[in-house]
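Keep in mind that this is a model prediction, so the values were computed, not measured.
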Amino acid sequence: MAEMLLQLGHGFLNCFTVSHMLMLLAGIVIGLLVGVLPGLTLVMGVALALPFTYHMDVTASIVLLTAMYVSGTYGGAFTAILFKIPGEPIDVPMLWDGYTMGRKGKPAKALGWTLVAALGGGLLSAVIMVLLTQPLAHFALRFSTPEYFAVLVFGLSSVVALGSGSLANALISLCVGILIATVGTDETYGAYRFTFGSPILADGIEFLVVMVGAYGIGEVLSRLETGFSTRPIEKISNARTELPSWREMSALKWMFARASVLGNVIGLIPGAGATIASFVSYGLESQFGKRRKEMGTGIAEGIVAPQAAATASVGGALVPLLALGIPGSGATAIILGAFMLHGIQPGPQVMLTSAPIVYTVFASVFVGLALMCVVGYFAIRPLVKILDLPEAVVSAYVMTLCFVGALSIRNNVTDLWLMIGFGVIGYLFERFKFPVAPLVLGVILGPLTEAAFMNSMISFGNDWTVFFTRPISGIVMACTVVILALPFLQRTWAKRKVTAPA
């Protein structure tokens with residue numbers, strides 16, 4: 001524990017350098033802007049920022065993206081409470097009590113509850129993150145290649161199983177992402193795969209191109225199809241934040257702790273993320289809370305529960321990313337990409353080889369939460385003012401960022417064409433209800449999963465049963481099977497309840 005606190009202290013010292021503080025502040029502001037602008041999702045914003053970190057220091061780039069991730073879970077609450085427009089799917093539960101409280105003449109109080117929930121949930125989550133990551137990484141050091149392969153498969157499958165919509169569509173999206181990841185030169189045998197004689201494809205398809213195209217270009221094409229028809233927003237000139245009293249906060253302390261711990265636990269599950277944490281926390285409070293019958297009428301519990309859980313999920317999602325190399329959400333998948341861009345593979349070894357970077361990231365979460373609350377408290381009016389921009393203008397900026405980011409990766413025009421192609425794929429996926437997140441996770445985790453599988457086959461004489469006969473890998477593979485089977489079991493159970501006689 002003493003060594004952990006010492007390293008965390010060094011992390012705070014690194015965090016308070018001028019360059020890292022500038023990146024932290026920039027990440028907080030950009031994350032809030034992304035959260036405020038409807039249609040510009042948190043994952044999409046982080047993906048657009050990733051190419052610009054290519055020539056930055058690794059610590060500065062991770063601090064920037066992590067700050068965006070933290071503040072992005074909070075920014076969308078402004079538009080949800082003031083305008084009934086959720087900036088993110090995370091903020092949909094905020095409409096039911098936050099907007100209702102605002103309509104009762106207390107928008108400032110609703111924003112105050114949101115600020116307190118984001119700060120408290122985030123701080124509790126950050127403490128748990130610091131305490132859990134190192135023990136989990138030490139435990140994972142016992143892993144060999146079969147265990148690592150099993151954990152990677154678990155990460156891929158949980159993204160599919162916990163995704164919304166059709167499970168078949170999510171599986172197809174995941175398989176397309178893994179197929180894209182196979183393009184290039186095989187790392188084990190050096191064979192060319194799906195290169196079609198193109199030198200640029202021999203180096204593989206950069207996952208940055210896939211992410212920027214699928215999220216950025218795809219979203220702009222979707223908006224273009226509707227003619228940028230977002231309705232005008234009613235102006236609120238006196239937007240401000242009014243903090244609740246200590247007595248009011250004290251009355252909700254147990255509910256607050258419950259929501260924060262739940263958000264952290266859900267964040268630990270690879271593929272779950274802040275959206276699931278927000279909905280589940282609100283649902284539990286509606287079913288088991290003290291004032292469950294009043295939920296939806298504009299009470300503080302309906303604001304604190306989803307916001308505290310959403311922000312708490314950030315620290316939870318960073319734990320499997322740093323300790324196991326498995327992203328816990330769409331945003332942490334992009335942060336994983338930033339680590340890999342700089343030659344660092346998160347996982348069991350990262351606490352030994354790159355501990356200063358990891359603890360600087362830990363410290364940046366604490367400092368970022370404080371900065372987020374200060375900026376959010378005083379900058380609400382200019383943040384809401386950004387909604388005056390026409391949707392077409394915002395889309396033009398997004399397109400510009402996409403093209404500049406894609407070209408900066410390898411300075412090759414082919415990457416631009418590939419990005420446009422993946423933008424079309426992202427648009428078609430959105431149009432036909434195929435989730436984009438499994439595709440992106442397949443592109444990022446596909447090569448790691450293949451490498452772990454091939455190394456296992458070489459080390460264990462092509463014995464595929466090793467994944468099931470070794471204790472740790474066998475348990476993880478069994479959990480994977482359960483997660484994949486769970487949607488089918490739920491569907492069967494629902495059909496039986498419908499057809500059962502009254």
Side-chain angles (χ1 to χ4, degrees), residues 8 11-12 14-17 19-35 41-54 56-75 88 90 118-119 121-130 132-133 211 263-264 267-268 273-274 310-323 325-342 344 346 350-351 354-373 375-376 444:
L8 186 60
F12 274 104
N14 289 335
C15 188
F16 283 120
T17 59
S19 60
H20 292 160
M21 284 301 293
L22 287 174
M23 288 297 101
L24 195 57
L25 183 60
I28 292 297
V29 173
I30 296 171
L32 289 174
L33 289 174
V34 167
T41 64
L42 170 59
V43 177
M44 178 179 163
V46 178
L48 289 175
L50 180 57
F52 297 95
T53 67
Y54 190 75
M56 290 168 54
D57 172 66
V58 56
T59 307
S61 63
I62 302 301
V63 165
L64 172 69
L65 298 178
T66 305
M68 287 183 63
Y69 183 24
V70 171
S71 62
T73 62
Y74 167 61
E88 289 271 338
I90 303 167
L119 176 62
L123 287 176
L124 180 60
S125 172
V127 171
I128 295 174
M129 172 185 66
V130 173
L132 279 185
T133 302
M211 285 190 291
N264 205 289
L268 286 168
T311 308
S313 69
V314 173
L318 288 171
V319 171
L321 170 69
L322 296 171
I326 303 298
S329 65
T332 49
I334 299 167
I335 296 173
L336 170 63
F339 272 111
M340 295 171 64
L341 273 178
H342 292 86
I344 297 176
V350 76
M351 299 300 292
S354 306
I357 297 174
V358 174
Y359 279 96
T360 303
V361 172
F362 288 164
S364 73
V365 174
F366 286 97
V367 180
L369 285 165
L371 278 176
M372 177 191 74
C373 292
V375 173
I444 294 176

Which is it for Leu124 and Asn264 under the side-chain contact (heavy atoms from CB on, under 4.5 Å) test, yes or no, and what are the steps along the way?
-> CA-CA 9 Å; Leu124 180 60; Asn264 205 289; 6.0 Å; no
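- With sequence neighbours left out, Phe16 forms a side-chain contact (heavy atoms from CB on, under 4.5 Å) with Phe12, Met21, Val367.
- Ile28 and Gly368 make their closest contact through CD1-O, 3.3 Å (heavy atoms, listed as atom of the first residue, atom of the second, distance).
- Put simply, OG on Ser125 and CG on Leu318 are 7.5 Å apart, with the number rounded to the nearest 0.5 Å.
- Between Cys15 and Leu24 the shortest heavy-atom distance is SG-CD2, 4.0 Å.
- Residues Gly122 and Leu369 come closest through the heavy atom pair C-CD1, 3.2 Å.
- Taking the side chain as every heavy atom from C-beta outward, Val365 and Val130 never approach each other to under 4.5 Å.
- Here the OG1-CG distance, from Thr332 to Leu322, works out to 9.5 Å after rounding to the nearest 0.5 Å.
- With sequence neighbours excluded, the residues forming a side-chain hydrogen bond (donor to acceptor under 3.5 Å, both in side chains) with Thr360 are Asn14, listed by chain and number.
- The minimum heavy-atom distance linking Ser71 with Gly31 is given by the pair OG-CA, 3.2 Å.
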Determine all donor-acceptor pairs shorter than 3.5 Å in which one atom belongs to a side chain in residues 58-67; sequence neighbours excluded.
from  : atom 1 : to    : atom 2 : distance (Å)
Ser61 : OG     : Asp57 : O      : 3.4
Ser61 : OG     : Val58 : O      : 2.7
Thr66 : OG1    : Ile62 : O      : 2.7

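- For the atom pair CG of Leu50 and OG1 of Thr53, the computed distance is 4.5 Å after rounding to the nearest 0.5 Å.
- A search for side-chain contact (heavy atoms from CB on, under 4.5 Å) contacts involving Thr73 returns Leu42, Ile90, Ala274, Thr311, Val314, not counting sequence neighbours.
- Annotation: ring pair (Phe, Tyr, Trp, His ring centres under 6.0 Å) contacts of Tyr359 (sequence neighbours excluded): Phe362.
- Between atom CD1 of residue Ile344 and atom CG of residue Leu336 there is a gap of 11.5 Å, rounded to the nearest 0.5 Å.
- Atom CD1 of residue Ile128 and atom OG1 of residue Thr133 lie 11.0 Å apart, to the nearest 0.5 angstrom.
- The two atoms that bring Ile357 and Phe339 nearest to each other are CG2-CE2, 4.2 Å, heavy atoms only.
- Residues that satisfy the side-chain contact (heavy atoms from CB on, under 4.5 Å) test with Ser19, not counting sequence neighbours, are Thr17.
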